[in-house]
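Notes to accompany the following structure.
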Protein chains: 2
Amino acid sequence: MANIDCERLAEHSATAKRAKEGILSGTDLARVCRIFQLLSDPGRLNIVYALMKGEMCVHHLTEVCGGTVSAVSHQLRLLRENGIIKAKRIGQHMEYSIADEHVCEIVALAVKHLECEVD
Amino acid sequence: MANIDCERLAEHSATAKRAKEGILSGTDLARVCRIFQLLSDPGRLNIVYALMKGEMCVHHLTEVCGGTVSAVSHQLRLLRENGIIKAKRIGQHMEYSIADEHVCEIVALAVKHLECEVD
DNA sequence: TGAATATTTGAACAACTATTCAAGTATATT
DNA sequence: AATATACTTGAATAGTTGTTCAAATATTCA
């Protein structure tokens, strides 16, 4: 029997069809998720956010972001392995810098939108 | 003794000072991380991406995103508790939709940038 | 009221992740 | 060569997270 919801549910069905057609491929999905995952840790986000201000060595990054040098180093490795940052040796020091500007834009957008929210 | 790195290291130090001044506050950092964390799971990202196409009920979402109804429901709860989506009862169904357009923009940017990459 | 459909929920379990600590490598200085 | 500084790495551990399964709730319809 036709009830008041039929129209709305038909729309849902049409939306589902469109959504199914436009779904992200397995590899695209995995790549986008991986980026978000890397940015989901406070330590790593701090590092990326700090490097957006300029190049720095591990000691300075640790000073800015807190924690131990070892923990920061582990996080730097993850970010580097995933192409978000890059490293260059300068004598005894390693100079870290941003490798993927796209990721910076995503971070900048997220921070900007956060500040828009009124709660 | 002055070596070739001094200038660069002095720059690092100045960058560190700037980075320290501009660091995200504890709560801002946590909120941005939380958003990224919610988007870092393939199931949840699929859900958000699907809802960007329009409103849908749990059954349709499960059809689009795969997995079991229970798993999708658990993920919907997390997204809802964090204000990313909202729900409305329509008879026996729940109609889920986007609550935070900012998050959609972040997802859209991430997907768009992914497609720019040449590798 | 009772059966059917749609969704939620809690508990348990397996998989993953971040940190710590100790030991390792790399470079510079003496 | 020996020491100091800067950083990395591996293993262990504790905490977190996603999924599953079974049971519960909510609504509709006969």
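Throughout, a chain's letter reflects where its sequence line sits, starting with A, and its residues are numbered from 1.
An aromatic stack links A:His74 and the base of D:dT9, using centre distance under 5.5 Å and interplanar angle under 30°.
For the pair A:Gln75 and C:dT17, the criterion of a side-chain N or O lying under 4.0 Å from OP1 or OP2 is not met. An OP1 or OP2 oxygen of D:dA6 is reached within less than 4.0 angstrom by no side-chain nitrogen or oxygen of A:Tyr96.
Rounded to an integer number of Å, the gap from A:His93 NE2 to C:dT29 C1' is 13 Å. For the pair A:Arg77 CZ and C:dG24 P, the computed distance is 18 Å after rounding to whole Å. Remark: P of D:dC7 and NZ of A:Lys88 are 15 Å apart, rounded to the nearest angstrom. Taking atom CE on A:Met94 and atom P on D:dT9, their separation rounds to 9 Å, with Å as the unit. If you measure from atom CG of B:Leu76 to atom C1' of D:dT19, you get 15 Å, rounded to the nearest angstrom. When rounded to the nearest whole Å, the span between CD1 of B:Ile47 and P of D:dT19 equals 9 Å. Summarising the geometry, the separation between CZ on A:Arg80 and C1' on D:dT9 is reported as 12 Å, rounded to the nearest angstrom. The distance from atom CD of A:Glu95 to atom P of C:dT27 is 16 Å, rounded to the nearest whole Å.
Identified under the ring-ring contact (aromatic ring centres under 6.0 Å, His included) test for residues 29-57 of chain B, with sequence neighbours left out: A:Phe36-B:Phe36. Sorted by first and then second residue, the ring-ring contact (aromatic ring centres under 6.0 Å, His included) pairs involving residues 8-34 of chain B (not counting sequence neighbours) form an empty list. Residues in residues 13-28 of chain A take part in these side-chain hydrogen bond (donor to acceptor under 3.5 Å, both in side chains) pairs, two or more places apart or across chains: A:Thr15-A:Arg18, A:Ser25-A:Thr27. Counting only residues at least two apart or in different chains, ring-ring contact (aromatic ring centres under 6.0 Å, His included) contacts with residues 52-73 of chain B are absent. The salt bridge (Lys or Arg N to Asp or Glu O under 4.0 Å) contacts involving residues 45-60 of chain A comprise nothing, where partners must be two or more places apart or lie in separate chains. Sequence neighbours left out, the pairs with a member in residues 70-85 of chain B that pass salt bridge (Lys or Arg N to Asp or Glu O under 4.0 Å) are B:Arg77-B:Glu81.
Residues of residues 37-46 of chain A that place a heavy atom closer than 4.0 Å to DNA chain C, in numerical order, are A:Gln37, A:Asp41, A:Arg44. Only A:Thr68, A:Ser70, A:Ala71, listed by number, bring a heavy atom of residues 54-73 of chain A to less than 4.0 angstrom from any atom of DNA chain C.
Taking CD1 of B:Ile85 as the reference point, atom CD1 of B:Ile47 lies at 6.5 Å (rounded to 0.5 Å).
Minimum atom distance to the side chain of B:Arg89 is reached by D:dT27, of the listed D:dG18, D:dT8, D:dT27. For A:Gln92, counting side-chain heavy atoms from C-beta on, the closest listed nucleotide (D:dA4, D:dT9, D:dT19) is D:dA4.
With sequence neighbours excluded, the residues forming a salt bridge (Lys or Arg N to Asp or Glu O under 4.0 Å) with A:Glu95 are B:Arg8, listed by chain and number. Taking B:Gln37 as the reference, B:Arg34 meet the side chain to side chain donor-acceptor pair (under 3.5 Å) condition, with sequence neighbours excluded. For B:Tyr96, there are no ring-ring contact (aromatic ring centres under 6.0 Å, His included) partners, not counting sequence neighbours.
When the local axes at the two ends of the helix from C:dT1-D:dA30 to C:dT30-D:dA1 are compared, using 5 base pairs at each end, they differ in direction by 20° after rounding to 10°.
Screening B:Leu51, B:Leu78, B:Leu38 against B:Ile84 for a side-chain contact (heavy atoms from CB on, under 4.5 Å) leaves a single residue, B:Leu38.
Of all heavy-atom pairs spanning B:Cys33 and A:Leu45, the tightest one is SG-CD2, 3.6 Å.
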